[in-house]
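Worksheet for the structure shown next.
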2 protein chains.
Amino acid sequence: MKIGELAAASGVPAKTIRYYEEIGLLPPAEREANGYRSYDRDALQRLRFVQHAQAAGLTLREISQVLAIRSEGRAPCVHVRELLHHHLVQIDARLAELRATRRELQDLARHAETVDPASCPEDVICSILVREG
Amino acid sequence: MKIGELAAASGVPAKTIRYYEEIGLLPPAEREANGYRSYDRDALQRLRFVQHAQAAGLTLREISQVLAIRSEGRAPCVHVRELLHHHLVQIDARLAELRATRRELQDLARHAETVDPASCPEDVICSILVREG
DNA sequence: GTACGCCTTCCAGTGCACTGGAAGGTCAAG
DNA sequence: CTTGACCTTCCAGTGCACTGGAAGGCGTAC
């Protein structure tokens, strides 16, 4: 499989695949006689793993760690569990912040609804914005 | 309040506060006779909002738009409402994404609990993260 | 034999959100 | 009068995850 085919099969741009190899996220690809990168099913699986892990919120560095642990022969399960737990905690904090911010925006929007547009000509500072808080 | 005091009160580094002013996220600060930036309570509040909104995943560009509504407010009411609505819609979308990601992580974490590291097959990278479906 | 699409490397840039450091001004304490 | 903490501007670098483009090689089709 050439890089373009792997790109098509995975949905990851060829450019990005080379970048992944460059930063050590993927091992150096096998080469054909002409110098073209050659990939097998395993490479596609690795790429899919990267996509899954990325979708789960892991950084490329963290994904590299998991792949590195794997290539050392140790099962990365424990490490992955730690990463997952870490990200769950982070996401919960993020959700709380997002909900708080939504409330703040909602308050602003509600206030906007109470303002009569007729009392807010285009050349005048909007009264929604003058409010303290 | 000088920039260092605002930094201490908000937890945002002075350097970052200047950067926020530079990119237009915060309005140009008042200056004392000696050229030092001078802040009031309102500035602290804006900074707190920035922190909340940022933790919620809004970009500084997006926060700028909302802050512009709050503090400058030169846009007509209709436009203000559109902006607020736009950001509410965006936040709701982010909330949905985040909740979906959380579910995915939760599923992975639950699966991780049931996996014996010794049983990680050689032909997959990690059976926790690489699952079909 | 040349047009075309794919491949190669290398270098550079993007966007976001900072962060560091140099060079210098201000101000109160010792 | 000096020390040290604070402040100023300006420029440059960091980390992440790409992305674009130049310059050139490879391979098949007409």
Side-chain angles (χ1 to χ4, degrees), chain A residues 1-40 43 46-68 83 86-87 90 94 97-98 101, chain B residues 1-40 43 46-67 87 90 94 97 101:
Chain A
M1 200 185 338
K2 284 188 290 184
I3 196 168
E5 295 164 319
L6 179 60
S10 65
V12 177
K15 198 98 193 185
T16 303
I17 296 173
R18 287 191 205 98
Y19 165 73
Y20 285 170
E21 181 181 323
E22 186 193 326
I23 63 169
L25 179 59
L26 300 179
E30 299 291 307
R31 299 298 180 124
E32 292 168 14
N34 58 16
Y36 288 11
R37 284 176 180 80
S38 178
Y39 296 97
D40 55 9
R46 268 175 183 271
L47 216 38
R48 291 233 166 98
F49 165 80
V50 171
Q51 287 178 295
H52 277 284
Q54 235 189 337
L58 278 72
T59 65
L60 294 186
R61 182 182 293 265
E62 289 169 326
I63 299 166
S64 290
Q65 286 170 12
V66 177
L67 291 175
L83 285 175
H86 173 72
H87 282 284
Q90 273 195 318
R94 215 164 128 81
E97 292 285 355
L98 193 48
T101 302
Chain B
M1 198 183 344
K2 283 187 290 183
I3 196 168
E5 295 164 319
L6 179 61
S10 64
V12 178
K15 197 100 195 181
T16 303
I17 296 173
R18 288 192 204 99
Y19 166 72
Y20 285 170
E21 181 181 321
E22 186 193 326
I23 64 169
L25 178 59
L26 300 179
E30 300 291 306
R31 297 298 179 124
E32 293 169 15
N34 58 17
Y36 288 11
R37 286 176 180 80
S38 178
Y39 297 96
D40 56 10
R46 258 193 294 272
L47 218 37
R48 293 235 166 95
F49 177 78
V50 170
Q51 288 177 292
H52 279 286
Q54 226 189 346
L58 274 76
T59 66
L60 293 188
R61 182 183 294 265
E62 290 168 329
I63 299 167
S64 288
Q65 285 175 14
V66 179
L67 278 181
H87 281 289
Q90 269 195 316
R94 280 221 174 91
E97 269 178 42
T101 302

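These numbers come from the heavy atoms of this one structure, side chains and all, not from hydrogens, waters or symmetry mates. Each chain gets a letter, A, B and so on, in the order its sequence line appears, and its residues count up from 1.
- Among the nucleotides C:dT26, C:dC10, D:dA17, the one closest to any side-chain atom of A:L60 is D:dA17.
- Closest contact between the side chain of B:Y36 and the listed nucleotides C:dT19, D:dA17, D:dC7 involves D:dC7.
- Between B:R18 atom CZ and D:dT9 atom C1' the separation is 9 Å, expressed in whole Å.
- Put simply, the side chain of A:L47 does not reach to within 4.5 Å of the side chain of A:Y39, judged on heavy atoms.
- Contact between the side-chain N/O atoms of B:R31 and the OP1/OP2 oxygens of C:dT26 is not found at any separation under 4.0 Å.
- Note on B:N34: a side-chain N or O is less than 4.0 Å away from OP1 or OP2 of C:dC27.
- The minimum heavy-atom distance linking B:A7 with B:A14 is given by the pair CB-N, 3.7 Å.
- No donor-acceptor pair closer than 3.5 Å links the side chain of A:S38 to the backbone N or O of A:E30.
- Atoms CD1 (A:I3) and P (C:dG5) sit 19 Å apart, rounded to a whole Å.
- Here the C1' atom of nucleotide D:dC7 and the CD1 atom of B:I17 are 13 Å apart, to the nearest Å.
- Between B:I23 atom CD1 and C:dT19 atom C1' the separation is 14 Å, expressed in whole Å.
- Side-chain atoms of B:E62 never come within 3.5 Å of backbone atoms of B:H87 as a donor-acceptor pair (strictly under, hydrogens ignored).
- Checking D:dT8, D:dT19, C:dC7 against every side-chain atom of A:Y19, the shortest atom distance belongs to D:dT19.
- Residue B:Q54 places at least one side-chain N or O under 4.0 Å from the OP1 or OP2 atom of C:dC18.
- Here D:dC18 presents its C1' atom at 13 Å from CG of A:L25, a figure rounded to the nearest Å.
- For the atom pair B:L26 CG and B:R46 CZ, the distance stands at 6.5 Å (nearest 0.5 Å).
- In this structure, NZ of B:K2 is placed 18 Å from P of C:dG25, rounded to the nearest angstrom.
- Candidate nucleotides C:dC16, D:dT19, C:dT8 were compared by shortest atom distance to the side chain of B:R61, and C:dC16 ranks first.
- The interatomic distance linking A:E62 (CD) with D:dA17 (C1') rounds to 14 Å, in whole Å.
- Note on A:Y20: every side-chain N or O is 4.0 Å or more away from OP1 and OP2 of D:dA17.
- Rounded to whole Å, atom C1' of D:dC6 lies 15 Å from atom CG of B:L6.
- Between B:R37 and D:dC7, a side-chain N or O to OP1/OP2 separation shorter than 4.0 Å is absent.
- Of the two residues contacting DNA chain D, namely A:P13 and B:S38, the nearest-nucleotide position lying further toward the 5' end is that of B:S38.
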